[in-house]
Amino acid sequence: MLILESPGNFRHRGAMSTQPRVRFAPSPTGQVHIGNIRAAIFNYLFARSQKGSFLLRVEDTDLERSTPEAIDGLMEVLEWLCLMPDEEPLFQSSQRGAHLTAAERLIADGHAYRHARTADEQPAVFFRIPCDAALYGDRLRVTETVEMPLFAGETLRMDATGISYVGVSRKGKPDPGASCLAGMADGVVYGAGDAVLFSLKDSLAAVLAGETVFESAEAVRIVFTRREIGFEDLVKGPLAKPLDSMKDLVIVRGDGSPVFHLANVCDDMTQGITHIIRGDDHVENTYRHIPLFLALGGTVPVYAHLPMIVNAQGKPYSKRDGDAFVGDFRAKGYLPEALFNYLTLLGWSPGDDREKMNRDELIAAFSLERVQRSAAQMDLQKCANLNGKYLQDLPDGVLFADVRDVLSRTEWGAALDEERTAAIATLMRPRMQTYADVLDWRYFVDGDFERQDTALKRGLGKAWQREAMAKIADALEAGASMDAARSAACAALELDDGKLNQPLRVCLTGQAGGPDLHEVLALLDPATLAARIRGTLDLLNAE
RNA sequence: GCCCCCAUCGUCUAGUGGCCUAGGACUUCGGGUUUUCAUCCCGGCAACAGGGGUUCGAGUCCCCUUGGGGGUGCCA
């Protein structure tokens, strides 16, 4: 009888081998950007939806710009949005030794070489895009035979570092170009009269070894088989790029410091990353990183490139753009779950009409296949609107505490007691979008609130409106109730009930809108009403 | 210049050849309830970039043009 492993064990092993590992890899230079954090969110959502791990790597190798403050800011933001990584973060700066070892190994394996482009430069380490098709497997595809005309009299050079040439542009002008050796590995150079000047195919080994250098100004054309490197992007579908449009790249600088490409790939290998989900400004890098993974003996991860988030002008966010830092949203009174939700909706949708979705719903609905291919623009109004919906659903206790917190930072609201805060917040909640709205609530506290020009114009622009307000103030001062005072004024001026509500609102709140006036009145100190009306009228008279 | 990518209302999006006289959301406008204001409810305006194909049939597939973005760094 066949004895199977215990089902538990078996399942566990299966899960281990397919468990995705993703990472968020920001460089901590300055504040965390909305675009960056969106990448983190999508990584997180993917990890959770696939029962995988969400890791953090701090790419802090730019010691000039990477500051401890920036790292703190990063962690704060991740915590605020509940995006904490599942394992200890890896600091890239700690991996320098590993990076350099990897570079040495690449050199030893013939995948990299030391080279100085000019005499006064320190030699750097260049990664050689591999020529050997076998290394790429099905990632390399032959597309066509290219016959490239060369500009007469210009020099063509082939050496261990690649090929430089001057082609002919569509307009017949000289068009300088360069390619890695892999791009034209079977190239044949022809001179005048179809004479073969050089065959790279036949001499490739010698050229790679640096034993042969071909240089000529007599070359007329070069013929080679175009090969392109491709991969299946989970968002964008099949993507490919011709090797002859690529050049060998520096992986260790002349000063001995590892370059992003090397560090990034090495770290992905040491962290065991299976899926790389990042902004689509990285697609070009992918064509170079794949050969690097291959040359390093690593497993090439699966890629998914997210579209960019652009600013109100439709341009990619730059460091200069305001409105783009995650910390600002926190300061402006956004709820983390609302911002999180809104950001998932930028470049992604669940496929149905749902918009307000909690984290579990988002995890359940998320898939990279549904990510948009084109850039998305942030709509602050829609974001605020969604935040408002989250505010409506907040338990009273949480809302009140948050409101008190905002109030505590104002000079006028710090002393407001709990009961009154709760009453005001309850009244105001349905119209709230962000906690920044609380800053407009001063009229509940004292008379030093801001009077909006448009409101003054609308509510008190006419003479009869001001006249009526003066009458109400008179009556109030004579001891009448607000109801009585207003009724009397309406009667005296032969106005319909309610005609005076708007002017009154403006006098008492400085705003044209707000909750039901009676409810506002109920929260105001009756003793100060007349004074507020007088104050507003005086303000108008003074102008 | 060369290489790569992208393209539905102002914005975020649904749409994977017939269910599309293109749906939802935000914004905006109008209406209803309302002694005012707002929440709310109802309704309107508003898009397949342009041109060619393929097909009985195209927003959906192909090509070109235009526009936008990215890359082409000893930046990340």
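Proteins get letters first, then strands, A, B, ... in listed order; numbering begins at 1 in each. Given the structure is predicted, the values throughout are model-derived calculations rather than measurements.
A:L239 comes within 4.0 angstrom of sugar-phosphate atoms only, judged by non-hydrogen atoms across all strands, and of no base. At the heavy-atom level, A:A240 lies under 4.0 Å from the strands shown only through sugar-phosphate atoms. Note on A:A512: only backbone sugar-phosphate atoms sit closer than 4.0 angstrom, heavy atoms only; bases stay farther off. Within 4.0 Å of A:P176, counting heavy atoms only, lies no atom of the nucleic acid at all. Among the heavy atoms of the strands lying under 4.0 Å from A:R170 are primed sugar atoms or P, OP1, OP2 only; no base atom is included.
Annotation: cation-pi pair A:R226/A:F224 absent, no NZ/CZ under 6.0 Å from the ring centroid and within 45° of its normal. Both the sub-6.0 Å distance and the 45° axial angle are satisfied by A:K356 relative to the ring of A:Y390.
As rounded to whole Å, 13 Å separates atom P of B:U39 from atom NZ of A:K389. Taking atom CG of residue A:L493 and atom C1' of nucleotide B:U35, one finds them 16 Å apart after rounding to whole Å. A straight line from CD1 of A:I309 to P of B:C6 spans 18 Å, rounded to a whole angstrom. When rounded to the nearest whole Å, the span between CZ of A:R354 and C1' of B:G23 equals 16 Å. One interatomic measurement links the two molecules: CG of A:L508 to P of B:C37, which rounds to 15 Å at whole-angstrom precision. A straight line from CE of A:M357 to P of B:A25 spans 16 Å, rounded to a whole angstrom. The distance from atom NZ of A:K236 to atom P of B:C5 is 9 Å, rounded to the nearest whole Å. Atoms CZ (A:R278) and C1' (B:C5) sit 15 Å apart, rounded to a whole Å.
Using atom C1' as the reference point in both B:C12 and B:G18, the two lie 28 Å apart (nearest Å). On the C1' atoms, B:C42 is 35 Å away from B:A58, given to the nearest whole Å. Rounded to a whole angstrom, the distance from the C1' atom of B:U11 to that of B:G17 is 29 Å. Comparing the same atom, C1', in B:A46 and in B:C29 gives a spacing of 11 Å after rounding to whole Å. Remark: the separation of the P atoms in B:G10 and B:A49 is 11 Å, to the nearest Å. Only the C1' atoms considered, B:C9 is 12 Å distant from B:A25, to the nearest whole Å. B:C26 and B:U65 have their C1' atoms separated by 33 Å, given to the nearest Å. To the nearest whole angstrom, the two P atoms, one in B:U21 and one in B:C40, are 33 Å apart.
At a cut-off of 3.5 angstrom, the base of B:U39 holds no donor-acceptor pair with the side chain of A:R431.
When each of A:L306, A:V235, A:V371 is checked for a side-chain contact (heavy atoms from CB on, under 4.5 Å) with A:W348, only A:V371 meets the rule.
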What do the steps show when you test A:F151 against A:Y165 for ring-ring contact (aromatic ring centres under 6.0 Å, His included), and what is the final call?
CA-CA 9 Å; A:F151 198 81; A:Y165 59 90; over 10 Å; no
ring-ring contact (aromatic ring centres under 6.0 Å, His included) for A:F366 and A:F42? Distances and angles first, verdict last.
CA-CA 9 Å; A:F366 188 79; A:F42 280 32; 5.4 Å; yes
In 5'-to-3' order, the base (B), backbone-only (S) or no-contact (-) status of each nucleotide in nucleotides 10-15 of chain B, using a 4.0 angstrom heavy-atom cut-off, is BBBSSS
Would you mind building the protein contact string for nucleotides 66-76 of chain B? One character per nucleotide, 5' to 3', B for base within reach (heavy atoms under 4.0 Å), S for sugar-phosphate only, - for untouched.
--SSBSSSBSB
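Using the six-membered ring where Trp is involved, A:H111 and A:F127 have ring planes that are tilted, between 30° and 60° apart. Note: A:F126 and A:Y113 have parallel aromatic rings, judged against thresholds of 30 and 60 degrees for the angle between ring planes.
Side-chain contact between A:N264 and A:L292: absent, with no pair of heavy atoms (C-beta onward) separated by less than 4.5 Å.
Side-chain polar atoms of A:T270 and A:R57 form no donor-acceptor pair below 3.5 angstrom. Between the side chains of A:N387 and A:T434, no donor-acceptor pair is found at a separation under 3.5 Å.
Looking at which nucleotide of RNA chain B each of A:R486 and A:N385 is closest to, the 5′-most match is held by A:N385.
Taking a pair to require two hydrogen-bonding distances under 3.5 Å in either a Watson-Crick or a G-U wobble arrangement, B:A7 pairs with B:U66. Within the shown strands, B:U72 is the pairing partner of B:G1 under the Watson-Crick or G-U definition, both distances less than 3.5 Å. Base-pair partner of B:G43: B:C29 (Watson-Crick or G-U wobble, both distances under 3.5 Å).
Under a 3.5 Å cut-off, the side chain of A:D233 and the backbone N or O of A:H305 do form a donor-acceptor pair.
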